Amino acid sequence: MPEMAIKNAFYAQSGGVTAVINASACGVIETARKHPDRIGKVYAGHNGIIGALKEELIDTSLESDDDIRALLHTPGGAFGSCRHKLKNISENRREYERLIEVFRAHDIGYFFYNGGGDSQDTAYKVSQIADKMGYPITCIGVPKTVDNDLPFTDCCPGFGSVAKYIATSTLEASLDIKSMCDTSTKVFILEVMGRHAGWIAAAGGLAGQTEGEPPHIILFPEIPFDREAFLARVDHCVKEYGYCVVVASEGAQYEDGRFLADAGAKDAFGHTQLGGVAPALANMVKQALGHKYHWAVADYLQRSARHIASATDVEQAYAVGKAAVEMALEGKQALMPTIVREQASPYQWKIGEAPLSEVANQEKKMPIHYITDDGFGITQDCRTYLAPLIAGESFPPFENGLPKVAKLKNELVEKKLRTPFEL
C-alpha cells in the first residue's frame, strides 16, 4: 500500500465565539500533532475564513505544547473569528478560486471549520471544491454555537457553559431582587441570546424548582408573544410573590413574526440585527403596571464566561475537535462530528457524525413539549435534557486573582501569492 502524502491542515473559527471554542481548537491541534506522518503543520486562519482568502495563516507549530493546552481554559477565539458567508460557487467563483490558490500554495489538504449552521454551510461548500474545481481537500465541520440549534447533535459545544452562566445568574439576581422587593425593584428582566431557538432562555428555568420560584416568566422565540398575557402574569407574580423575574430571549417575537427587539439592520449573514428586548419589556411594565423595574442584558458576558464553564461542555468541545481530525485521517469527507446522548441519568454520551449537506443552514428549535402549556416555563422533560449539560465545574487556573489565559504568538506564515485579495 503506498504511503499517504503529508499535507498541511487549515483550521478556522467562525461566527460568535464561546467560552469553549478554543477547547475545540486544542482538540484539533493536539490530535494533529500526534500524526506527523499524515499532517504537517496546522495553519489557523486569522479571523476565520477571511484568513484563508487574504492568505493570513497563523503557524500553530510555533506554539508550545503548554500554550496549546492552555487553550482549554481560554475563552474567546484565539485566532480571531469572523462573520463571512461564502455564496454559491456559481455566484462568487472568485472566492473559491482564491481559496484553492491559497490551499495549493501552502500544500493544505485538510480543512476544519469551527462554527454554527452558517459555518457548516461554508465547510460543505468548500468540500465541493474537490468535485467542481479539481482540488482535493478533506473538509470536516467542527460544531460550535451557544444557540444550541444545530441539528443531528444532542447539544452544541458552547451551549452548556452559556446555560450554566444564565441559570446561575438568574438564581443569584433573583435572590437580590427578592431581598429588596418590599421597598424597591419588583420586576427584573434578563435578556439572553437566542434568535430563533429558546434554548438559552430555557436554561434560566433551571434556577427555580418549584411553583413560585424564579424565573416566573420565560419568553421563547417558539411561543408568540402576547402582551396582555405577559403583563397579567407579571402583575400576578408581583401580587402573589412580591416580585417577578423574567428571562427573555432576544428572539421573542409577535405572532406575525416581528421581533420585539428588531434593530432595523442586518448582520453579515443577512440575519436581522437584534437588541433591546429587555428595555422594551420594561417599558411595557412601566406604562401598564407602574412597577419599579431593572433590566440587564447578558450579551457577550454569557458566551465568554469561562470561569464558570460547564465541565461537560469543555469535555465535549475538545472531543469534537479531536474527532474531526480522526475522521479526516480515516478518509471521511463533508461530515460534522455530533454528540449522541446514550442515556440521561447518569449522563452518557458518545461521538457520532452527520453529513454537512444536511446540517448546513438548519436550525433545531426547542420541542414544544419542553415548554409549559402557559408558554412561560420549562417542563420536566426540558429539565432532564438540560441538567447534565451544565454539570461539573472546570475552573481555569488563577493568577493574582484573575483567570490565566493562553497568550499565543500567532505569527503569520510568509505569503506566497503576489496578488492581494480584497473582500
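For this chain, numbers begin at 1 and follow the sequence in order. Keep in mind it's a predicted model, so treat the numbers as computed, not measured.
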Novice: Counting only heavy atoms not in Glu414 (residues, nucleotides, ligands), do more than 12 fall under 6.0 Å from its CD?
Specialist: no
Novice: To the nearest 0.5 Å, what is the distance between CE (Met284) and CZ (Arg227)?
Specialist: 6.0 Å
Novice: Salt bridge check, Glu411 against Lys409: does any charged N sit closer than 4.0 Å to a carboxylate O?
Specialist: no
Novice: Please report the shortest heavy-atom distance between Val314 and Ala309, naming the atom on each side.
Specialist: CG2-CB, 4.1 Å
Novice: Angle between ring planes, Phe112 versus Tyr110, binned at 30° and 60°: parallel, tilted or perpendicular?
Specialist: parallel
Novice: Is a side-chain donor or acceptor of Glu342 paired with a backbone partner of Gln348 at a separation under 3.5 angstrom?
Specialist: no
Novice: Any side-chain heavy atom of Arg306 within less than 4.5 Å of one from Val405?
Specialist: no
Novice: Check Pro215 against Thr170 and note the closest heavy-atom contact, atom names and distance.
Specialist: CD-CG2, 3.9 Å
Novice: Would you check if the side chain of Gln302 reaches a backbone N or O of Met193 as a donor-acceptor pair within less than 3.5 Å?
Specialist: yes
Novice: Looking at every non-hydrogen atom in both residues, tell me the closest pair between Leu150 and Pro143 and how far apart they are.
Specialist: CD1-CB, 3.7 Å
Novice: Any side-chain heavy atom of Cys139 sitting closer than 4.5 Å to one from Tyr113?
Specialist: no
Novice: Any donor and acceptor pair, going by atom type alone, linking the side chain of Glu55 with main-chain N or O of Lys416 inside 3.5 Å?
Specialist: yes
Novice: With a 4.5 Å cut-off on side-chain heavy atoms, are Cys244 and Ile217 touching?
Specialist: yes
Novice: Is there a donor-acceptor contact under 3.5 Å from the side chain of Glu63 to the main chain of Asn410?
Specialist: yes
Novice: Would Gln128 and Tyr96 count as having a side-chain donor-acceptor pair, cut-off 3.5 Å?
Specialist: no
Novice: Could you check Ile177 against Val187 for side chain to side chain contact (heavy atoms under 4.5 Å, CB included), going step by step and ending with a plain yes or no?
Specialist: CA-CA 8 Å; Ile177 303 303; Val187 179; over 6 Å; no
Novice: Any chance you could measure Phe103, atom CZ, to Ile137, atom CD1, to the nearest 0.5 Å?
Specialist: 4.5 Å
Novice: Where is the tightest heavy-atom contact between Ala163 and Ile390, given as atom of each residue plus distance?
Specialist: CB-CG2, 3.6 Å
Novice: Applying side chain to side chain contact (heavy atoms under 4.5 Å, CB included) to Leu281 and Phe230, what does each step give before you reach the verdict?
Specialist: CA-CA 9 Å; Leu281 292 167; Phe230 166 72; 3.9 Å; yes
Novice: Is there a side chain to side chain contact (heavy atoms under 4.5 Å, CB included) between His84 and Leu53 once you walk through the steps?
Specialist: CA-CA 11 Å; His84 181 78; Leu53 293 169; 3.9 Å; yes
Novice: Does a sphere of radius 6.0 Å around OH in Tyr254 hold more than 12 heavy atoms from other residues, nucleotides or ligands, not counting ones at 6.0 Å or beyond?
Specialist: yes
Novice: Is any side-chain heavy atom of Gln380 closer than 4.5 Å to a side-chain heavy atom of Thr384?
Specialist: yes
Novice: Heavy-atom distance under 4.5 Å between the side chains of Val325 and Ile39, does that happen here?
Specialist: yes
Novice: Within this structure, what is the SG-NE2 distance for the pair Cys82 and His46, rounded to the nearest 0.5 Å?
Specialist: 10.5 Å
Novice: Would you give the length of the straight line joining atom OG of Ser249 to atom CE of Met366, rounded to the nearest 0.5 angstrom?
Specialist: 10.0 Å
Novice: Is the distance between the ring centroids of Tyr43 and Phe10 under 6.0 Å?
Specialist: no
Novice: Between Asn148 and Ile200, does a side chain to side chain contact (heavy atoms under 4.5 Å, CB included) hold up when you go through it step by step?
Specialist: CA-CA 8 Å; Asn148 199 41; Ile200 298 176; over 6 Å; no
Novice: Is the count of non-hydrogen atoms from other residues, nucleotides or ligands lying under 6.0 Å from Glu255 atom CD greater than 12?
Specialist: no
Novice: Can you name the one residue among Arg83, Lys85, Arg195 that meets salt bridge (charged side-chain N to carboxylate O under 4.0 Å, His left out) with Asp118?
Specialist: Lys85
Novice: Identify the heavy atoms of Ala197 and Glu222 that sit nearest to each other, and give their distance.
Specialist: CA-OE2, 3.2 Å
Novice: Just by distance, do the side chain of Glu250 and the backbone of Gly194 share a donor-acceptor pair under 3.5 Å?
Specialist: yes
Novice: With no hydrogens and no angle check, is any side-chain donor or acceptor of Ser310 less than 3.5 Å from a backbone partner on Leu389?
Specialist: yes
Novice: Does Asp59 come within less than 4.0 Å of Lys41, counting only side-chain N to carboxylate O?
Specialist: yes
Novice: Please report the shortest heavy-atom distance between Val142 and Gln120, naming the atom on each side.
Specialist: O-NE2, 3.3 Å
Novice: Donor-acceptor pair, distance only, cut-off 3.5 Å: does the side chain of Thr60 make one with the backbone of Ala44?
Specialist: no
Novice: Could you give all pairs that pass the ring pair (Phe, Tyr, Trp, His ring centres under 6.0 Å) test and reach residues 375-423, with sequence neighbours left out?
Specialist: Trp199-Tyr385, Tyr370-Tyr385
Novice: Is it the case that Arg69 and Ser64 place a side-chain donor and acceptor less than 3.5 Å from each other?
Specialist: no
Novice: So that I can tick it off, tell me whether Asp121 and Lys125 are bridged by a salt bridge, with the cut-off set at under 4.0 angstrom between side-chain N and carboxylate O.
Specialist: yes
Novice: Could you tell me whether the side chain of Gln343 and the main chain of Pro346 form a donor-acceptor pair under 3.5 Å?
Specialist: yes
Novice: Quick one: OG1 on Thr138 to CD1 on Ile108, what's the gap to the nearest 0.5 Å?
Specialist: 12.5 Å
Novice: More than 12 non-hydrogen atoms from neighbouring residues, nucleotides or ligands closer than 6.0 Å to CG on Asp256, yes or no?
Specialist: yes
Novice: Verify whether one side chain among Asp374 and Thr372 offers a donor that lies under 3.5 Å from an acceptor in the other.
Specialist: yes
Novice: State, yes or no, whether a side-chain contact exists between Leu99 and Leu86 at a heavy-atom distance under 4.5 Å.
Specialist: yes
Novice: How about Asp107 and Lys7: do any of their side-chain heavy atoms sit closer than 4.5 Å?
Specialist: yes
Novice: Tell me whether Ser24 contacts the main-chain N or O of Ala317 through its side chain, where contact means a donor paired with an acceptor under 3.5 Å.
Specialist: yes
Novice: Examine distances only and state if a side-chain atom of Arg303 and a backbone atom of Pro75 form a donor-acceptor pair shorter than 3.5 Å.
Specialist: no
Novice: Checking salt bridge (charged side-chain N to carboxylate O under 4.0 Å, His left out) for the pair Lys164/Asp313: CA distance, chi angles, key distance, verdict?
Specialist: CA-CA 10 Å; Lys164 191 179 186 78; Asp313 195 26; over 6 Å; no
Novice: So, do Leu412 and Ile58 sit near enough that their side-chain heavy atoms are less than 4.5 Å apart?
Specialist: yes
Novice: Please round to the nearest 0.5 Å and tell me the distance separating atom CZ of Phe79 and atom CG of Asn22.
Specialist: 7.0 Å
